Each structure stands twice: as C-alpha cells, then as structure tokens.
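Everything quoted here is computed from the prediction, not taken from an experiment. All chains are named by letter (A, B, ...) in the order of the sequence lines, taking the proteins before the strands, and each is independently numbered beginning at 1.
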Amino acid sequence: MTSDPIVTRFAPSPTGYLHIGGARTALFNWLYARGRGGKFLLRIEDTDRARSTPEATAAILQGLTWLGLDWDGEPVSQFEGMARHAEVARAMLEAGSAYRCYSTPEEIAAWRESHPRQPFQSPWRDKGPEDWPDAPYAIRLRAPREGETIIDDQVQGEVRFGNDQLDDMVLLRSDGTPVYMLAVVVDDHDMGVTHVIRGDDHLTNAARQVQVFDAMGWKRPVFAHIPLIHGEDGKKLSKRHGAVGLHEFAALGYPAEAMRNYLARLGWSHGDDELFDDAKALEWFDLSGIGRAPARLDFKKLEHVSGWHIGQMPGDRLLGELDAFLTETGQPALTQRQKSWLTPALDALKEKAKTLPALLDQGRFALVERPVELDPKAVAALDTVSRGMLKSLTAALQHASWTRDDLEQAAKQVAEENGVGLGKVAAPVRAALAGRTSTPSVFDMMMALGRDETLARLNDQADQAG
RNA sequence: GGCCCGUUCGUCUAUCGGUUAGGACACCAGGUUUUCAACCUGGGAAGAGGGGUUCGACUCCCCUACGGGCUGCCA
C-alpha cells in the first residue's frame, strides 16, 4: 500500500517574535516533512484580533527564514478562513452533531458554582426547535457523554480521557464567530495536514479536537505532542531567562545550521549522535526519537555545537555567514581589503571560534588599519628590549621568502641571537600586528597580512625603539 | 479541586527486563603550546521515594513527592 504524502504545519500566533520553543516545533515539523518528501505548511493563527499584529507575522516569517526553514505555498491566515469555519459549525448543527445553546455566561457561571468539579452541561443539549427562544445562541458540539476519547499520540503514547471530563465545547460563539479549537480542526483538515506535531500544552485540546474530526467524519491526523523547552532553571521559558527569541540567538552570532543542530537535539535523539549536518538530521529524524520530558536550554552546549559547525564550514560559506551576521546586527560590511586579510586566516580562526563575533574578535588583526591601535597589554609587550628584537626581525624578514617555514625560521633565529625563547619574540610581533595580546599564531597573521603590511606594522613599532 | 503528561550524572541524552548504566556539554587534573584559545589524555558525577510483578528491574504495574499542562462563548 502506498502511504499518503506527509503534510505537516507550523501554526504560530502572531503575538510576538518567534521564540526558541516555537522555532524547535517548526524545525521538527520541517524535518519530518522534508525528510520524507512531504510538505511543510505555515498557518498564522491570527483569530485573536486584539493581540495579532502584522509586525509579529513578519517577525515570525523572518525568524523561520533565518533558521533556514522553507515552507510550501503561502502562509494561511486563519482569520481569513472564518466563514469556512462558521460553515462547518452550521453543517454540524444540521447534522445533529452540534446543538444550539442559549445559556448566557451568567447562567453558565451559576451552573458551575452549583456543580463544582464538573464540566458544564448545557440544558439545551436535548431541546428541540419548539423550545428555542428568540435569542442569540452559541453552537456547541454534542460530544459523547460516556466512554473515552483516546489519542494515539506518537510521543505520549495512548492517552485516554473520560468523556465525562470533556464538556460540549463551543464551536461558534453567539456573535457568530468561530472558536479557535474549531478553526484548528477545520484548517488542519482543509490543508490536508497528516501529522500534527506541536507543543504538549495542546495534548488536552487534542481530545476535544478529535471529537470534531470524528463528528465530521474526517480522518484524524497523526498527533505528536512534544514537551516544551524550559529555561536553565527548569522553569517555563520566559524573558527572564535571557535570550528566548530566535533573533536574539542570531544576534549572538550562532550560525543557523548550528541552531538547527542544537534545537534538533533538544528533546530528540538518534543514539549517541550529537553533531550532524542537515542531511543527517533529515535522514535520522523520526517521531520515535522524541523524548517525553521537557528539556532545558544549555548555552554552553549550544556554544560547543556552534563551534563545531563553524569549524566545519568552508571558507567561502563562513565568509557568507559573517556577512549575514554583520548585516543582521547592523554593523558595517567587510571591505575588500578586510576580506583579503581575513580569508587566508579563516582556517586557523574557525578552529577555535565558537561564535561568529568571537571569530571576528580573534580575527581583529585583519580588520584594523595602520596605525594599529595598541591596547594596554600590547603596550606592555612592547618594551625597549622587545622593540629591539622587532627591529632585528624586521631586518631579517626583509629578504625572507614569505613562506611559513621561513618566517618561523627567521623568528627562531632572532630568538636565538637574543638568547630567549620564541615566545619572547612572538609577543611583540603579536602586539605590533594586532595591537593586542590574544591573537591567532603570529605566523598565521603574517601569512594573512602579506609581506608589505606585515613589515609596515612591524616597522611602525620597531622604529620607536630607543 | 478534577483530568492529563513528565521525573537516568549539574545539563542534553543512550538504554526499549539481564550493561562495571554508555556518550556529549560543563567541571577537575595532567599534557601540548609563540599569547588566548583550540586540541589530546585521564577523573569525579545519575536511575525522585516507597511498594509490587519477575529468576532478574532504570526499563512493566500501583502509591507518594516534585514539576508541567488543560480545566473559557482565549489562542
């Protein structure tokens, strides 16, 4: 038997930026669909008009784009489907799977008051047309009162709800507007969604939604309710945990592919595999690998994953990432000259950098122009003796062929002549070349800067020898 | 309150009845080294508690504790 093509969706409410939990949910849906040749759809749940904003929608789309998650077709606006949702509610009314409920909010509140710990039971459930008053009414689902509603969840397993715990949910409000729970079901059905992968805060909702699917005679999608991400303290993720918005992670300089890797591993695993690229993630991702306990955000681990990905990147890709990062954070783009100095040093730089800004910081020698500004430690490294050694090195370098071996040879020679270790020679070179004491290897810098720039920078300091 | 979900090293996790409970991050100690790193080697570190079931439980069942979710004519 040929199975239907997979269709997943990500359905955020446009009430703010895309946060890290939502990003992971989107990633799971994307991985599942894309790994199986299926479709990944987007639906904006904008039925809450008061809280939904176009800016938030834009921010979410931008976040997904940055993360590298592409979706099929245009994003669907749930709000625009209102008429369709109402139509379904009316159809259910016609079919008898829903009924008119004339209870007012006050009556419902009073009922609850006198029936503690019991779901509301409308007195209108079994009334006929002859009893209908001339008043506004809500349409409620005629849900089964006995038996169980069972969700066969791919993550949570078989979850059973006693139908006596589930009330007849409102489908259409008395003002004629559909309710979110109905909209979700109708949209998922109309969009052909086969797999609903979402936060487990919707697990209980699923029971109600399934009743609607059943009432309409629609095929239920496969459900997978994934645990939410928590902060480092184990509490629900919120602003006080620092970065929670995806854009904040982008600004911190984690490459998108590293975020994908880290996020994928948060709550999902494939044996002991920790570091992998998209191809592997797509190949390995499966619902069965998702855990049931909420995972905490761990920035240290993220850093490690990020460092690995940066180290794996070919130079041109890395340069592209750096460009994107600078643009993203509103910093000036790299000039041609900066690129020409930075590029040869990339292989050395990417070995140690864990984030993009960290790499830029280590590569600062390639970004500055003469005269190189010295920080206090660099000044301290350039005492009279050091400047003297710089002078002899500069002289020796004048005729050196610019290969790493020769440079190293020359430096060692100067060290020997002065009866000191290589470190003593390297320190002032480092200071003169980069203006600081923490840099890549001095030889890497010399190779990257080239003969002219290197000698110029060295001379800038050597000339000041006493 | 009721219903539902969860609980393996500090953290992310492996284990799908039989392991000295494995890996990764972090941490500690050594090594390497021209700085900072990076890297290499080694180390400490876990089944929430209590009952069962079983020849044998981290794995299955029950209870408790602790987290979390839902319980709206919110989404």
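Nucleic acid contact for A:Arg436: none, since no nucleic acid atom lies under 4.0 Å from a heavy atom of the residue. Counting any heavy atom pair closer than 4.0 Å across all strands shown, A:Ser52 reaches no nucleic acid atom. Residue contacts for A:Val442: at a heavy-atom cut-off of 4.0 Å it reaches a base atom on one of the strands shown. Across all strands, A:Pro440 comes closer than 4.0 Å to base atoms (heavy-atom distances). Within the 4.0 angstrom heavy-atom criterion, only backbone atoms of the sugar-phosphate kind lie near A:Gly267; the bases stay farther away. Residue-level contact check: A:Arg364 touches neither bases nor backbone, having no heavy atom under 4.0 Å from any strand. Among the heavy atoms of the strands, none lies under 4.0 Å from A:Asp273. Nucleic acid contact class of A:Thr47 (heavy atoms, under 4.0 Å, all strands): sugar-phosphate only. A:Tyr262 comes within 4.0 angstrom of no nucleic acid atom, judged by non-hydrogen atoms across all strands. Among the protein residues, A:Lys350 comes within range of no part of the nucleic acid, since none of its heavy atoms lies under 4.0 Å from any strand.
Relative to the side chain of A:Ser441, the nucleotides B:U34, B:A37, B:C5 differ in distance, and B:U34 lies closest. Here the nucleotide nearest the side chain of A:Lys354, chosen from B:C5, B:A38, B:G72, is B:A38. Comparing B:U35, B:C74, B:G72 against the side chain of A:Arg51 picks out B:C74 as the nearest. When the nucleotides B:G23, B:G69, B:G6 are ranked by their closest atom to the side chain of A:Asp272, B:G23 comes out on top. The side chain of A:Val179 lies closest to B:A75, out of B:A75, B:A26, B:C4. Of the candidate nucleotides B:A26, B:U11, B:C73, B:C73 has the atom lying nearest to any side-chain atom of A:Ala138. Closest contact between the side chain of A:His304 and the listed nucleotides B:G23, B:C12, B:C25 involves B:C25. Out of B:C36, B:U13, B:U7, the shortest distance to the side chain of A:Ser269 is found at B:U13.
Aromatic ring centres of A:Tyr262 and A:Phe299: separated by at least 6.0 Å.
Whole-Å rounding puts the A:Arg49 CZ to B:C73 C1' distance at 18 Å. When rounded to the nearest whole Å, the span between CD of A:Glu274 and P of B:U13 equals 10 Å. Separating the CZ atom of A:Arg292 from the C1' atom of B:U15 is a distance of 12 Å, rounded to the nearest angstrom. We find that CG of A:Leu275 is positioned 12 Å from C1' of B:C12, with the value rounded to whole Å. Between the P atom of B:G68 and the CD1 atom of A:Ile226 lies a distance of 19 Å, rounded to the nearest Å. Atom CD in A:Glu351 sits roughly 11 Å away from atom P in B:C40 (whole-Å rounding). Rounded to an integer number of Å, the gap from A:Asn261 CG to B:A24 C1' is 12 Å. One interatomic measurement links the two molecules: CD of A:Gln209 to P of B:G69, which rounds to 18 Å at whole-angstrom precision.
Below the 3.5 angstrom threshold, one finds no donor paired with an acceptor across the side chain of A:Asp200 and the base of B:G69. For a distance-only test at 3.5 Å, the side chain of A:Thr204 fails to qualify as a donor-acceptor partner of the base of B:C4. Scanning atom types as modelled, one donor and one acceptor separated by under 3.5 angstrom connect the side chain of A:Lys301 and the base of B:A24. Between the base of B:C36 and the side chain of A:Lys352 there is a donor-acceptor pair shorter than 3.5 Å. Taking only distance into account, the side chain of A:Gln165 never meets the base of B:G2 through a donor-acceptor pair shorter than 3.5 Å. Residue side chain A:Arg296 does not reach the base of B:U11 through any donor-acceptor N/O pair under 3.5 Å, judged by distance alone.
Taking for each of A:Cys101 and A:Thr437 the nucleotide of RNA chain B with the nearest heavy atom, the 5'-most of the two is the partner of A:Thr437. Nucleotides of RNA chain B nearest to A:Gly423 and A:Gly162 differ in position, and the one nearer the 5' end is that of A:Gly162.
Using a 4.5 Å heavy-atom cutoff, the side chains of A:Lys280 and A:His270 are not in contact.
Checked by atom type and distance alone, the side chain of A:Glu107 pairs as donor or acceptor with a backbone atom of A:Thr104 at under 3.5 Å. At distances below 3.5 Å, not a single donor-acceptor pair connects side-chain atoms of A:Asn459 with backbone N or O atoms of A:Ala462.
Going from the C1' atom of B:U35 to that of B:C25 covers 26 Å, rounded to whole Å. Comparing the same atom, C1', in B:G2 and in B:C9 gives a spacing of 36 Å after rounding to whole Å.
Between A:Arg208 and the options A:Val185, A:Asp167, A:Val184, A:Leu182, a side chain to side chain contact (heavy atoms under 4.5 Å, CB included) holds for only A:Asp167. Remark: of the listed residues A:Arg220, A:Arg198, A:Arg9, A:Arg9 is the sole one forming a salt bridge (charged side-chain N to carboxylate O under 4.0 Å, His left out) with A:Asp188.
Taking 4.0 angstrom as the limit, A:Arg208 places none of its side-chain polar atoms (N or O) nearer than this to OP1 or OP2 of B:U71.
Between A:Glu453 and A:Arg457 there is a salt bridge, with a side-chain nitrogen of the basic residue lying less than 4.0 Å from a carboxylate oxygen of the acidic one.
Across all strands shown, B:C36 forms no Watson-Crick or G-U wobble pair with both key distances under 3.5 Å. Searching all strands for a Watson-Crick or G-U wobble partner of B:U41 with both distances below 3.5 Å returns B:A29.
A cation-pi arrangement is absent between A:Arg140 and A:Trp124 under the rule of less than 6.0 angstrom and at most 45 degrees off the ring axis.
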